[in-house]
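Below: the structure, in structure tokens.
All ligand and atom numbering here is 1-based and tracks the order in the structure. Residue numbers run from 1 in the order of the sequence given.
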Amino acid sequence: MRAFFVAGGRLIDSSPMYGSSQKTIGHGLAALNGSVDIFSADKVWTSSGRGGPEQIDRSRVNWGVPQFDLLQVHNLLSWQAHLPALFAMKAEGRLRYVGINTSHGRRHDEVARILESQPVDFLQLTYNAVGRSAERRLLPLAGERGVAVIVNRPYRGGSLIRRAKRAALPPFAAEAECATWADFLLKFIISHPAVTCAIPATTSVAHVRENMGACRGSLPDAATRRRMAAYIEAL
Ligand SMILES: NC(=O)c1ccc[n+]([C@@H]2O[C@H](COP(=O)([O-])OP(=O)(O)OC[C@H]3O[C@@H](n4cnc5c(N)ncnc54)[C@H](OP(=O)(O)O)[C@@H]3O)[C@@H](O)[C@H]2O)c1
């Protein structure tokens, strides 16, 4: 976490679903002594609308933060019950942003219906150079409605970057200032006009530093993005 913040990182995403991760984040934040500018993103993940507030409070205590910047309805579970409660928290000044999320390219029709009918601030979904179904409808829709987009599984759970690292970077990677495969794969994602940020997960400090490299230098234009996707697909 220290390496992440030193490199300019801000957003950490967790969920009550992720085992001990909330407590681990709380431990890291306490060790960093409140010295970091964090954007805290967590989720509500319970089928009972009534259980939402209690779960959110437990999550907040685990993190050790006074309030969250963003709460997302995890995998759309009981979104009809949770969204009104999250909007109320926002109106009372106890939450900055409300979001929904999905992954693995699933349930895009339902996500689109929610974006069209609810004033959500954030959408989290899966998007990467070989999983581009979000380009068809959800990314344009989020862009039109001014909804911020967080991209999960940028490396397809790791398989994409492990496969890429067995090959050489193409010479045109230098045009988008990509010195590593992490730069190449992450810059492909964050250069989409509707994308706000990507959230690669890692257990390795070296990988944190490598991934944060994508925040520096220029981003690929539309033509270079097409070449990047074609190159990755052919690997
Ligand atoms: N429905 C949902 O809301 C949902 C679903 C899935 C994920 N998410 C969110 O998205 C985040 C990321 O998803 P994910 O963990 O499934 O997939 P991911 O970020 O695509 O992949 C993580 C894997 O990539 C490896 N990796 C990271 N950086 C690397 C590098 N520079 N070089 C080589 N390998 C590297 C990691 O291994 P090392 O540990 O060895 O670095 C790890 O195995 C999650 O933590 C979560 O916050 C949300």
Q.
Just to be sure I understand the cut-off, which residues have at least one non-hydrogen atom under 4.0 angstrom from an atom of ligand 1?
A. Asp13, Tyr18, Lys43, His74, Asn75, Asn101, Thr102, Ser103, Gln124, Asn152, Arg153, Pro154, Tyr155, Arg156, Gly157, Gly158, Ile161, Arg162, Lys165, Ile199, Pro200, Ala201, Thr202, Thr203, His207, Glu210, Asn211
Q: Could you tell me whether Glu110 and Arg107 make a salt bridge, using a distance below 4.0 angstrom between a side-chain N and a carboxylate O?
A: yes
**Q.** Ion pair check, Lys90 and Asp121, cut-off under 4.0 Å
**A.** yes
Q. Should side-chain heavy atoms under 4.5 Å link Ile, Leu, Val, Met, Phe, Trp and Tyr, which residues sit in the same cluster as Ile150?
A. Leu11, Phe39, Leu70, Tyr97, Phe122, Ile199
(Q) Is the positively charged end of Arg225 above the ring of Phe188, judged by distance under 6.0 angstrom from the centroid and angle within 45° of the axis? (A) yes
Q) Salt-bridged, Glu116 to Arg113, with N to O below 4.0 Å? A) no
**Q.** Distance (rounded to the nearest 0.5 Å) between Phe172 CZ and Leu169 CG
**A.** 9.0 Å
